[in-house]
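Source: prediction; values computed, not measured. Residue indices begin at 1 and follow the sequence shown.
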Amino acid sequence: MKLKAIRLRNVKKFGADGVVIEGIGDRLSILSAPNEFGKSTIFEAVRTMLQQKHNAKNKHTRALLPLSNSGGPEIEIEIEAEGQRYRIWKRFINAPKAQVTNLTTGEIVADDGNADDWILALIGADAESYGPMGLLWVEQGASMNQPEG
């Protein structure tokens, strides 16, 4: 799976205007911005979108709520997987929704709970674990924490 674009709206400091990162290449990509820009927020949102069900109302999804009361957090990514390009979109908390669209064919591949299951299969996880995705990003300040269990 190759990440190609990230779009956030109503996520923490990004509010209704959101933030868009597009044109992510096949080689090493670096996200560089000043302190307090929201780099960690961007990674937290992508991880939450891939690991949490669209209708979850837990500490992970609530942590994404916008600073302004502008609506439920929306996270969208574009990926390339198995020779196809997909858009994965989720909205949490307010009117939760999830959708996976094959951008190559224009077909909606999965909605809501089926989209959650599709994503878990994509990242090689199940309902009890986050699969290899759990190793992809270590939260700021958590690099020395020992895993539970």
What residues, two or more places apart in sequence or in another chain, satisfy side chain to side chain contact (heavy atoms under 4.5 Å, CB included) together with K4? K2, D26, E78, E80, R85
Mind checking the [atom1]-[atom2] spacing from [X] to [Y]? Nearest 0.5 Å is all I need.
{"X": "I6", "Y": "I42", "atom1": "CD1", "atom2": "CD1", "answer": "6.5 Å"}
{"X": "I88", "Y": "L3", "atom1": "CD1", "atom2": "CG", "answer": "9.0 Å"}
{"X": "L67", "Y": "K13", "atom1": "CG", "atom2": "NZ", "answer": "8.5 Å"}
{"X": "M1", "Y": "Y86", "atom1": "CE", "atom2": "OH", "answer": "12.5 Å"}
{"X": "N94", "Y": "E74", "atom1": "CG", "atom2": "CD", "answer": "10.0 Å"}
{"X": "E76", "Y": "Q99", "atom1": "CD", "atom2": "CD", "answer": "9.5 Å"}

Tell me, with the steps shown, if F43 and L31 meet side-chain contact (heavy atoms from CB on, under 4.5 Å). CA-CA 10 Å; F43 288 111; L31 181 58; 3.9 Å; yes
N/O donor-acceptor pair under 3.5 Å between [X] side chain and [Y] backbone:
{"X": "K39", "Y": "A33", "result": "yes"}
{"X": "T104", "Y": "Q84", "result": "no"}
{"X": "K90", "Y": "Q52", "result": "yes"}
{"X": "T48", "Y": "A45", "result": "no"}
{"X": "D112", "Y": "K97", "result": "no"}

Residue pairs passing the salt bridge (Lys or Arg N to Asp or Glu O under 4.0 Å) test where at least one lies in residues 57-73, sequence neighbours excluded: none
Under a 4.0 Å threshold between the charged nitrogen and the carboxylate oxygen, would E22 count as salt-bridged to R7? yes
ILVMFWY cluster, V11 and F37 together (side-chain gap under 4.5 Å): yes
Hydrophobic clusters here meaning ILVMFWY residues chained together by side-chain heavy-atom distances under 4.5 Å, can you tell me if I79 and I24 are in one? yes
State which residues pass salt bridge (Lys or Arg N to Asp or Glu O under 4.0 Å) with E36; sequence neighbours excluded, sorted by chain then number. none
[X] and [Y]: which non-hydrogen atoms are nearest, and at how many Å?
{"X": "I77", "Y": "V46", "result": "CG2-CG2, 4.1 Å"}
{"X": "A115", "Y": "A98", "result": "CB-CB, 3.8 Å"}
{"X": "E44", "Y": "A63", "result": "OE2-CB, 3.7 Å"}

Can you check whether [X] reaches [Y] side chain to side chain, under 4.5 Å on heavy atoms?
{"X": "R91", "Y": "N10", "result": "no"}
{"X": "T41", "Y": "V19", "result": "no"}
{"X": "P73", "Y": "I93", "result": "yes"}
{"X": "I75", "Y": "F92", "result": "yes"}

Paired with D111, the side chain to side chain contact (heavy atoms under 4.5 Å, CB included) test is passed by just one of V109, I108, N114, namely I108
Verdict with reasoning, V100 to L122, per side-chain contact (heavy atoms from CB on, under 4.5 Å): CA-CA 11 Å; V100 177; L122 173 74; over 6 Å; no
